[in-house]
Amino acid sequence: MALRFYNTMGRTMEEFKPITPGKAGFYGCGPTVYNYAHIGNLRAYVCWDLLDRTLRYLGYEITHVMNVTDIGHLSGDADEGEDKMVKTAKERGQSVLQIADFYTQAFFNDIDRLNIRRPDVVCKATEHVQDMIDLIKRIEANGHTYMAGGNLYYDVTTYPDYGKLACLNLDDLKAGARIDVDENKKNPYDFVLWFTKSKFENQALTWDSPWGRGYPGWHIECSAMSMKYLGEHFDLHTGGIDHIPIHHTNEIAQSEGATGKKWVNYWLHNEFLVLSKSEKMSKSSGNFLTLQKVIDEGYDALDYRLFLLGGHYRSQLAFSWDSMDSAKNSRKALMQRVSKVIAESSLKDGAVNSAELESAAMAKTDWSEAAEAYLDKFKDALEDDLSSPRALSQLQTAVKDAAISADEKILLIARMDFVLGLKLIEGAAKMLADSQNDAGSKGDTGDAAIDALIVERNEAKKAKNFARADQIRDELKAQGIILVDTPQGTTWKRG
């Protein structure tokens, strides 16, 4: 199977054909750093980390670019509402740049805890204002702009394909539009490229420009910075589905209005994380959770990553503490199985270097027939529009397959985890070491080892190998460990 994506532009599955064979460039909309990222925001970055890792796994040389919006923008994509950066700065009694720096660091702390690869290029809006001005000049020279009320607007009627990403018809939009949003606009869907007359007094950050001292509109930064690092025509642009109707629609209009040619080939959008079937997570409504809150509730950040990988990026995902319990238990059980594999392998008596194993796994070509079958299905899942649930299922099944030797299985796990990013080898090795240390200090089996034996016993019972199941129970009983089978699973206590 060839790599295929669901392209929002056209609403079809398409084979990925990069502009330059063997290379891929993609731009992902980054954070606006006026508050902590909530776990709904973070879903997007896990999704696009999966894209980044998949492209690398498949052998592409990639350039992944992400912006950081540290110039305040308005609450609404359509040039309306409060300036988020200024509002937070006033509330905290700090400068806008202090606010931006604090929340930028907080964002990347979350990214690191979720084991998300840093993009190859992280570009701050404040450091690229001249690039934005230069791009606006090109848009203006091509006849797409007008000045009104001291601000420079993009006239969407000058771009015939406006709304093609969102399947919008401009004539229909005009007929149903509210016309009182901004009296300076010729058309309600026109948008600001450069503000010189801010809606707020004493705007914090301003720059000189051909249109007067002011600051850029929100949409222009993504066009300017993506083209600076990826060129005027590149492969992939990603973001949340909420960006489709306005932000990404306006990005296309201004980018293609400047260059006169196609800007992006493939548009990928992730669905919302919701608290219920009808309520998306949102900072403006106040109903949001941070990653730190999830951790404070007793979960690991990688439990949340596993939860997200269990749903396809284009499917709405409902968050609950029950779902987090399930993810936590699943990751624990998976690591217990991996620790058992390590204990059975040639690594059992030495230090486990997960980076070296990953490198060896990615270079390995002489897989057994059984391992090759899992890798083929794993690759098929990834190539089918990044189907992480199917890819994860292949890993979970392979770990339990007795037809694969322990040494090869370790490399198989490392290869798959190159994409999934769950740090399974590292976590399982630590679990095994802790178990051995615990057992050494107490003279009996450690907690982690007990859990691993319970997993093995359950698998033995499913395979109708009752002799091995009874043997495990007896071994633990001899050490004073009593197993209790319940409808919810097996628990244990020291007798």
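Sequence positions, counted from 1, serve as the residue numbers for this chain.
A salt bridge is defined here as a Lys NZ or Arg NE, NH1 or NH2 lying under 4.0 Å from an Asp or Glu carboxylate O, and D134 with R138 fails to meet this definition. With respect to D110 and R113, a salt bridge is recorded, a charged nitrogen being found less than 4.0 Å from a carboxylate O. R390 has no carboxylate O lying under 4.0 Å from a charged side-chain N of D380, or vice versa, which leaves the two without a salt bridge. Taking the charged nitrogens against the carboxylate oxygens, K261 and E232 do have a contact shorter than 4.0 Å, which makes a salt bridge. Between R305 and D49, at least one side-chain N (NZ, or NE/NH1/NH2) sits under 4.0 Å from a carboxylate O, which counts as a salt bridge. With salt bridges taken as basic N to acidic carboxylate O contacts below 4.0 Å, one links D366 and K364. A salt bridge is absent between K379 and E372; no separation between the charged side-chain nitrogens and carboxylate oxygens falls under 4.0 Å.
Residues forming a side-chain hydrogen bond (donor to acceptor under 3.5 Å, both in side chains) with D101 (at least two apart in sequence, or on another chain): Q105. Residues that satisfy the side-chain hydrogen bond (donor to acceptor under 3.5 Å, both in side chains) test with S320, not counting sequence neighbours, are S323.
In this structure, a donor-acceptor pair under 3.5 Å is absent between the side chains of N250 and Q254. Side chain to side chain, S315 and E271 fail the donor-acceptor criterion of an N or O pair below 3.5 Å. With hydrogens and angles left out, the side-chain atoms of Y153 and N187 include no donor and acceptor closer than 3.5 Å. E14 and T12 share a side-chain donor-acceptor pair at under 3.5 Å. No donor-acceptor contact under 3.5 angstrom links the side chains of T290 and H38, judged on distance only. In the model, D325 has a side-chain atom that pairs as donor or acceptor with a side-chain atom of Y299 under 3.5 Å. H64 and Y229 are not linked by any side-chain donor-acceptor pair at a separation below 3.5 angstrom, with hydrogens and angles left out of the test.
Note: F16 and Y60 meet the aromatic proximity criterion, with ring centroids under 6.0 Å apart. Ring centroid separation for the pair Y313 and W48 comes in under the 6.0 Å cut-off. A ring-centre distance under 6.0 Å is found for H269 and H248. Centroid-to-centroid, the aromatic rings of F26 and H237 stay 6.0 Å apart or farther. Taking the six-membered ring wherever Trp is involved, the centroid distance between the rings of F191 and H247 does not fall below 6.0 Å. Ring pair W267/F5: centre-to-centre distance not below 6.0 Å. Centroid-to-centroid, the aromatic rings of F107 and Y36 stay 6.0 Å apart or farther.
Looking at K328, K430, R331, K423 one by one, the single match for salt bridge (Lys or Arg N to Asp or Glu O under 4.0 Å) with D300 turns out to be R331.
Counting heavy atoms from C-beta on, the side chains of T249 and I246 never come closer than 4.5 Å. Between N265 and H233, the closest side-chain pair of non-hydrogen atoms falls below 4.5 Å. Y103 places a side-chain heavy atom less than 4.5 Å from the side chain of N35. Residues D384 and L3 form no side-chain contact, since every pair of their non-hydrogen atoms from C-beta on lies 4.5 Å or further apart. Looking only at side-chain heavy atoms (C-beta outward), V192 and W218 stay at 4.5 Å or farther from each other. Here the side chains of W194 and M132 are not in contact, with every heavy-atom distance at 4.5 Å or above. Counting heavy atoms from C-beta outward, V122 and F108 have side chains that approach closer than 4.5 Å. Taking the side chain as every heavy atom from C-beta outward, I62 and K23 never approach each other to under 4.5 Å.
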For residues 404-414, run the donor-acceptor check on the side chains, cut-off 3.5 Å, and write out each pair with its distance to 0.1 Å, sequence neighbours left out.
from, atom 1, to, atom 2, distance (Å)
S405, OG, E408, N, 3.2
D407, OD1, S346, N, 2.8
D407, OD1, S346, OG, 3.1
D407, OD2, S346, OG, 3.1
E408, OE1, S368, OG, 2.7
E408, OE2, S368, N, 2.7
E408, OE2, S368, OG, 3.4
K409, NZ, V399, O, 3.0
K409, NZ, D401, O, 2.8

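Other residues, nucleotides and ligands contribute at most 12 non-hydrogen atoms within 6.0 Å of the NZ atom of K377. Crowding of E15 atom CD: a count of heavy atoms from other residues, nucleotides or ligands under 6.0 Å exceeding 12.
Listed here is the closest heavy atom pair of A24 and D235: CA-OD2, 3.3 Å.
Of the possible polar contacts, none joining the S393 side chain to the P389 backbone as a donor-acceptor pair under 3.5 Å is found. Remark: side-chain polar atoms of D131 are not paired, donor with acceptor, to backbone N or O of A224 under 3.5 angstrom.
Under the 30°/60° scheme for interplanar angles, the aromatic rings of H144 and Y154 are found to lie parallel.
Geometrically, R11 does not engage Y6 in a cation-pi contact defined by less than 6.0 Å to the ring centre and at most 45° from the axis.
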